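Computed from a prediction, not measured in an experiment: that's the story for all the values here. Residue numbers begin at 1 in each chain, while the letters A, B, ... track the order of the sequences.
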Amino acid sequence: MSKIYESLNPPQQEAVSCTEGPLLILAGAGSGKTRVLTHRIAYLIEEKGVDPWNILAITFTNKAADEMRERVDRLVGNGCESIWVSTFHSACVRILRRHIDFLGYDNHFVIYDTDDQKSVVKDIVKRFDLDTRVYKEKALMARISQAKDRLLTADDLAKDARDSFEETAARVYREYQSVLVRNNALDFDDLIFRTVELFEKHPQVLDYYQERFKYILVDEYQDTNLAQFRLIGLLAEKYQNLCVVGDDDQSIYRFRGADIRNILQFENVFPDAVVIRLEQNYRSTAQILEAANFVIANNEGRKEKRLWTANEPGEKIRFRQFLNGFEEAEYIVGEIEKARREGEFRYKDCAVLYRTNAQSRLFEEKLLYAGIPYKIVGGINFYARKEIKDLLAYLKTVDNARDDLSVRRILNVPRRGIGDTTQARIQAYAEDMGYSFYEALRVAEEIPSMGRSLKKIEGFVNLIQTLKSKAELFSVRELLEEVIKATGYVEELQAEGTEEAESRIENIDELVSKSQAYMEAAEARGETPTLSAFLEEIALVADIDTVDNTQDYVLLMTLHSAKGLEFPWVFMAGMEEDLFPNVSYQRGGDEEELEEERRLCYVGITRAMKRLTMTSARQRMLRGDIQMHSVSRFVHEIPRDLVDLGYTVEDKNPKLSSVLPSQSPYAKMREAFRAKPYQKTASAPSPRNFGDSGKKDELDYTVGDTVRHAKFGVGKVTEIVKGGRDYEVTVEFDRAGRRKMFAGFAKLQKI
DNA sequence: ACGTGGCCACTTTTT
DNA sequence: GTGGCCACGT
């Protein structure tokens, strides 16, 4: 072995050199799996003489793919451009662009994002005249997506339907699919599903790719779903040189169809698979790692493993509880600023992780106020913004006029005086004649009762035709600018002059620079930039892909988005029962969901290299009303001698102590930790023993009583549930309807 | 045809 | 607290 492999530890070396046959690498957090993957690729090329052309590496995000390619480049030097390093979705798009005509699609298909899917479903719900109370778009979309993740067609779903909801869902699915086919569109799930279909129906195509990809590597294997599993299985079937890397403890996408069994049963599916464990962690301090180990040990369904590290013990894990989310945010922002001022950490060394995107707001406010550069990953996707979607719809229409959705979106944007009635008439005509929506527009004069609208429609068609002809000559960026000019989109916003319009214009400017950046990147890759490729790239970028490691900013993101990343200092905010673990696990009453939450916590803890701070708030505004929260059970699962609870409120923080009740929460916490020393076997932790002071022993009203609420008025108590620290009271108000509230806050008066 | 105001549901996580 | 949707009025 050449020198570069000597820096690897023995199991890592084994994982690199075991190149033939199926291989499962169980790589604990921070165990250097990316290093193993990149060295393995280098080894294949350099030592085994494998043609880079024959290697396929699948990662979870584009960012990870870029990083991997970069690192392989550094190891191997030239020749690695021809390695396919990409996500499942972009790999499938590449394959489908070449061969989807075998399935009767046009290779020029468009990709529908979640928003587009929603419009399609919504339209169908309306056409089927379904009760939207029962058949919610979201639920239907989830059904369809779930089915596709499991490679089920609408017929399969109809066959398995157990009730009328499922039957209807199958009907909607069938119609949804035919709309997509008509529009020559594929949704995210289709990208995988159709590729599997292509391989299964056309063995010669499969054979081509089996020959092409003799060596396959899959990262984050624990998060693959059935469709992805099948895809990989098909590709690897012939040569069996499949190397998957994953960690069952980091499986956090069950809700999206990820099947942890893909990793737990790898050895059953590939009986002669070699299994290698990477258990040495290079990332975190010993105390952080130990905390992570203790937390995850509470899960039952996992492969037993013991992560260890030779790193320094490091600092204790900091835990702080605050009165509310504002103070939590203020604290975290203050800590970051202080550390930077003192030269201890840069902004980019710090990341704030939380369970739900909604939590980002408070941090954003405080960071903005403090003048600290930051970037929020996730939330509302840049490309989901209205102005961006509008402009992209123009580009999509130019690119593929079969995409009815885009055409309809822009027909009256900006306002052209073409209203719903006209649109409905065109739609009806198109359906009668078997035309696409745009085709119907082009022959609008044939449509009866168009009247005054005809002129306007002709204007629109002319605009699109002109843009289409320009698309031949113009670069992507020029075309986009032409759209902006021809439609007067920005002008209209400027005329508005509001702050909101201002920010929309900024977004549009950003889109223009993104188109420029795309062109440059494509040319750097030696490709000719095309409109289709630009649109495709946009459809497949995740927000995390736009994180720029060279910029010094604080990163804020959900725990999910943080997977695969690492930071010197990690803040885990909102460590509260009901928020994290999230309440929905209780709705399902599902132990597995709780375990998934715990894995998410494990992922969060193991992102931290040097320092980890966990915070929680006693009260938090959730869905409009204030709720009391006790400290997350996950915090309790960390042995107390690993935790630094900070100063007491009385000592150091007079501002807090004046607001808080006489009992210091920190003193309470200490008691709690002291009272209940950590036991590894403890199966039922009592998470709610922090600061019970708010609980009233008795309420002066009971079920059936009439009470008055300051805001909601008079109502009747229908239910009282004893919560951890308070009573949850359900009241049927005369005016405000049924409300659930905490007795401590509601201040209900018996009358 | 289009704008406005009130009502409602919503918040888990995403390629 | 917020954004989306519907109904109504101009």
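- Taking atom P in both C/dG4 and B/dT13, the straight-line distance is 16 Å, to the nearest Å.
- Using a 3.5 Å distance cut-off with no hydrogens or angles, the side chains of A/Glu220 and A/Gln222 do pair a donor with an acceptor.
- A/Thr422 comes within 4.0 angstrom of sugar-phosphate atoms only, judged by non-hydrogen atoms across all strands, and of no base.
- Within 4.0 Å of A/Thr421, counting heavy atoms only, lie sugar-phosphate atoms of the nucleic acid but no base atom.
- Salt-bridge annotation for A/Asp113 and A/Lys389: present, with a side-chain N of the basic residue lying under 4.0 Å from a carboxylate O of the acidic one.
- At B/dA1, none of the side-chain N or O atoms of A/Lys456 fall inside 4.0 Å of OP1 or OP2 (strictly under the cut-off).
- Considering only the side chain of A/Arg415, B/dG3 comes nearest among B/dT13, B/dG3, C/dG1.
- The side chain to side chain contact (heavy atoms under 4.5 Å, CB included) test with A/Leu191 singles out one residue from A/Thr87, A/Ile95, A/Val93, and that residue is A/Val93.
- Remark: A/Asn582 is not in phosphate contact with B/dT13, judged by side-chain N or O atoms under 4.0 Å from OP1 or OP2.
- Looking at the side chain of A/Lys138, the nearest of the listed nucleotides B/dT13, C/dT2, B/dC10 is B/dC10.
- The side chain of A/Arg361 contributes an N or O atom lying less than 4.0 Å from OP1 or OP2 of C/dT2.
- Distances shown here put a side-chain N or O of A/Thr558 below 4.0 Å from the OP1 or OP2 atom of B/dT14.
- As judged by a 4.0 angstrom heavy-atom cut-off over every strand, A/Phe580 is placed among residues making no nucleic acid contact.
- With B/dT11, B/dC2, B/dT15 as the candidates, the nucleotide lying closest to the side chain of A/Ala358 is B/dT11.
- Proximity of A/Thr61 to the phosphate of B/dT14: no side-chain N or O atom is located under 4.0 Å from OP1 or OP2.
- One interatomic measurement links the two molecules: NZ of A/Lys386 to C1' of C/dG3, which rounds to 14 Å at whole-angstrom precision.
- Computed from coordinates, the A/Asp113 CG to B/dT15 P distance equals 12 Å when rounded to whole Å.
- Relative to the side chain of A/Thr87, the nucleotides B/dT15, B/dG3, C/dG1 differ in distance, and B/dT15 lies closest.
- With centres under 5.5 Å and a plane angle under 30° as the test, the ring of A/Tyr253 is not stacked against the base of B/dT13.
- Nucleotides of DNA chain B nearest to A/Gly417 and A/Phe188 differ in position, and the one nearer the 5' end is that of A/Gly417.
- The pair A/Glu536-A/Arg97 meets the salt-bridge criterion, with a side-chain N (NZ, NE, NH1 or NH2) lying under 4.0 Å from an Asp/Glu carboxylate O.
- When each of A/Lys136 and A/Asp543 is assigned the nucleotide of DNA chain B bearing its nearest heavy atom, the one mapping closer to the 5' terminus is A/Lys136.
- Ion pairing between a basic and an acidic side chain is recognised when a charged N comes within 4.0 Å of a carboxylate O; A/Asp190 and A/Lys148 show such pairing.
- The distance from atom CD of A/Glu536 to atom P of B/dT15 is 16 Å, rounded to the nearest whole Å.
- As a whole-Å value, the separation of A/Tyr135 OH from B/dA9 C1' is 20 Å.
- Candidate nucleotides B/dT14, C/dT2, B/dA1 were compared by shortest atom distance to the side chain of A/His560, and B/dT14 ranks first.
- Residue A/Ile544 places its side chain closer to B/dT15 than to any other of B/dT15, B/dT12, B/dT13.
- When the side-chain nitrogen and oxygen atoms of A/Ser90 are compared with OP1 and OP2 of B/dT15, none of them lie within a distance under 4.0 Å.
- A/Glu197 and A/Arg194 are joined by a salt bridge, as a carboxylate oxygen and a charged side-chain nitrogen come within less than 4.0 angstrom of each other.
- Counted within 6.0 Å of CZ on A/Phe165, heavy atoms from surrounding residues, nucleotides or ligands total more than 12; the atom is thus considered enclosed.
- As rounded to whole Å, 12 Å separates atom C1' of C/dG4 from atom CG of A/Asp115.
- The separation between A/Glu137 atom CD and B/dC10 atom C1' is 13 Å, rounded to whole Å.
- Contact annotation: A/Asn412 side-chain N/O to B/dA1 OP1/OP2 distance is not under 4.0 Å.
- Distance, A/Gln619 CD to C/dG1 P: 15 Å, rounded to whole Å.
- No engagement by A/Arg254 is indicated, since no non-hydrogen atom pair under 4.0 Å with the nucleic acid exists.
- Residue-level contact check: A/Asn357 touches the backbone only, with heavy atoms under 4.0 Å from sugar-phosphate atoms and none from bases.
- The interatomic distance linking A/Arg355 (CZ) with B/dT14 (P) rounds to 9 Å, in whole Å.
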